[in-house]
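Predicted, not measured: the structure shown is a model, and the values here were computed from it.
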Amino acid sequence: MKKLTLILFMMLMTLTVSAQYKIAYYSNEAALRSMPEYQQAQDDIKRLAQQYEKETKRAQEEFNAKYEDFLDEVNNLAPSIRRKRQIELYQAMETNVKFRDEANRLLAQAEKDAITPLQKRIDETLRLIAAEHSYLLIVNTDSNTCPFISPIIGDNINVVLTEALKK
């Protein structure tokens with residue numbers, strides 16, 4: 001009888017404890033995409049990427065033209081002039097590669113700079129939702145890091161978060 005009472009007591013305590021602590025889950029990617037500022041940031045980054053692409057293409061075409069001219073004249077050039085032109089072509093090629101690498105770095109930094117304030121806003125909103133609904137934990141379900149959360153212990157707050165971010 002004591003064992004049965006102890007088991008019932010333990011089960012009751014487990015139910016009581018689990019009722020006190022609630023968790024929630026959401027998709028950070030969906031939250032970001034729901035923000036109007038996110039689309040504006042993506043448009044700005046796309047325009048910047050197009051500018052870098054246009055400049056990269058222009059530099060590549062310029063290099064190709066110089067290289068074709070060099071190939072047309074290579075047999076008629078004095079060795080010292082040929083070597084000078086080869087060095088110029090090599091330097092132009094190096095400059096183009098460095099520019100492309102720098103453009104990629106600057107694009108990644110621009111995206112990070114655009115997303116950081118949006119992510120901070122999401123984080124602040126999550127803290128408010130957690131306080132308002134007494135959530136002990138809020139889980140980001142992106143990247144399938146948490147493939148299942150029982151609806152008994154977890155609330156899907158995607159809609160609540162999206163609505164709060166619109167305000």
Side-chain angles (χ1 to χ4, degrees), residues 23-133 135-149 154-167:
I23 68 167
Y25 56 95
Y26 78 106
S27 166
N28 196 73
E29 189 67 28
L32 268 173
R33 291 181 185 276
S34 74
M35 301 171 76
E37 302 95 326
Y38 177 79
Q39 189 56 50
Q40 180 61 46
Q42 292 301 305
D43 291 345
D44 293 346
I45 292 166
K46 184 177 179 181
R47 276 192 295 280
L48 184 60
Q50 288 170 342
Q51 289 176 10
Y52 283 129
E53 183 62 34
K54 184 178 177 182
E55 179 59 22
T56 300
K57 184 177 179 183
R58 186 204 62 76
Q60 185 64 43
E61 288 172 354
E62 183 178 294
F63 173 81
N64 289 344
K66 285 181 181 180
Y67 184 68
E68 288 175 12
D69 289 346
F70 173 75
L71 289 178
D72 289 343
E73 300 175 326
V74 71
N75 293 330
N76 299 329
L77 296 174
S80 61
I81 295 173
R82 182 179 328 129
R83 181 73 181 135
K84 177 185 173 278
R85 297 251 182 107
Q86 287 173 329
I87 291 170
E88 288 173 355
L89 286 169
Y90 180 76
Q91 289 172 339
M93 184 177 65
E94 274 190 335
T95 300
N96 289 347
V97 169
K98 285 179 185 177
F99 176 78
R100 191 172 350 164
D101 291 345
E102 181 67 4
N104 288 336
R105 188 191 68 74
L106 290 171
L107 276 172
Q109 185 62 46
E111 187 165 8
K112 180 181 176 188
D113 291 347
I115 297 300
T116 297
L118 301 179
Q119 188 60 55
K120 284 182 181 178
R121 188 164 158 229
I122 289 171
D123 294 346
E124 290 169 11
T125 305
L126 287 170
R127 279 190 274 289
L128 292 173
I129 291 170
E132 183 179 332
H133 297 280
Y135 291 124
L136 180 65
L137 175 70
I138 298 179
V139 178
N140 177 3
T141 58
D142 290 348
S143 303
N144 203 30
T145 54
C146 194
F148 176 75
I149 298 175
D155 298 334
N156 183 341
I157 61 167
N158 279 314
V159 173
V160 173
L161 179 59
T162 300
E163 290 301 317
L165 291 171
K166 289 181 181 178
K167 297 177 184 176

Atom pairs and distances, donor-acceptor, side-chain atoms in residues 157-167, under 3.5 Å, two or more places apart:
from	atom 1	to	atom 2	distance (Å)
N158	OD1	S27	N	2.8
N158	ND2	N156	OD1	3.0
T162	OG1	N158	O	2.8

Let me confirm one number: the [atom1]-[atom2] distance from [X] to [Y], rounded to the nearest 0.5 Å.
{"X": "Q39", "Y": "D43", "atom1": "CD", "atom2": "CG", "answer": "4.5 Å"}
{"X": "M35", "Y": "I115", "atom1": "CE", "atom2": "CD1", "answer": "9.0 Å"}
{"X": "D123", "Y": "N28", "atom1": "CG", "atom2": "CG", "answer": "7.0 Å"}
{"X": "Y52", "Y": "R100", "atom1": "OH", "atom2": "CZ", "answer": "14.5 Å"}
{"X": "I45", "Y": "E111", "atom1": "CD1", "atom2": "CD", "answer": "4.5 Å"}
{"X": "M93", "Y": "Q60", "atom1": "CE", "atom2": "CD", "answer": "10.0 Å"}

Report task. Return the set of residues passing ring pair (Phe, Tyr, Trp, His ring centres under 6.0 Å) with Y135 (not counting sequence neighbours), or none when no residue passes. Result -> H133
Query raised in the report: Taking side chain as C-beta onward, heavy atoms only, is R83 less than 4.5 Å from Q86?
Result: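 They are in side-chain contact.
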Query raised in the report: With side chains defined as the heavy atoms from C-beta onward, is the minimum distance between L126 and Y26 less than 4.5 Å?
Result: yes
Report task. In plain terms, say whether E124 and R127 are close enough for a salt bridge, that is, a side-chain N and a carboxylate O under 4.0 Å apart. Result ->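 Not counted as a salt bridge, because no side-chain N and carboxylate O are separated by less than 4.0 Å.
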Query raised in the report: So does E88 pair up with K84, basic N to acidic O under 4.0 Å?
Result: yes
Requested in this report: Step by step, work out the salt bridge (Lys or Arg N to Asp or Glu O under 4.0 Å) result for E55 and R58.
Outcome: CA-CA 5 Å; E55 179 59 22; R58 186 204 62 76; 2.6 Å; yes
**Report entry** Test log, rule side chain to side chain contact (heavy atoms under 4.5 Å, CB included), inputs Q40 and D44
**Finding:** CA-CA 6 Å; Q40 180 61 46; D44 293 346; 2.8 Å; yes
Query - Donor on one side chain, acceptor on other, E68 and N64, under 3.5 Å - result: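 Distance-only check fails for E68 and N64.
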Query raised in the report: Would you say the side chains of Y90 and E94 form a donor-acceptor pair under 3.5 Å?
Result: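 Result is yes, a qualifying pair exists.
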Requested in this report: Under the salt bridge (charged side-chain N to carboxylate O under 4.0 Å, His left out) rule, collect the residues that match up with K98, sequence neighbours excluded.
Outcome: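 K98 satisfies salt bridge (charged side-chain N to carboxylate O under 4.0 Å, His left out) with no other residue.
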Minimum heavy-atom separation for [X] to [Y], with atom names?
{"X": "C146", "Y": "T141", "value": "O-CG2, 4.3 Å"}
{"X": "F63", "Y": "A92", "value": "CD1-CB, 4.0 Å"}
{"X": "T125", "Y": "R121", "value": "OG1-O, 2.8 Å"}

Requested in this report: Might you confirm whether atom OH of Y67 has over 12 heavy atoms from other residues, nucleotides or ligands at distances under 6.0 Å?
Outcome: no
Query raised in the report: Counting distance only, does the side-chain N/O of T116 pair as donor-acceptor with the main-chain N or O of D113 below 3.5 Å?
Result: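 Not at all, since once roles are kept as given, no pair shorter than 3.5 Å links the two residues.
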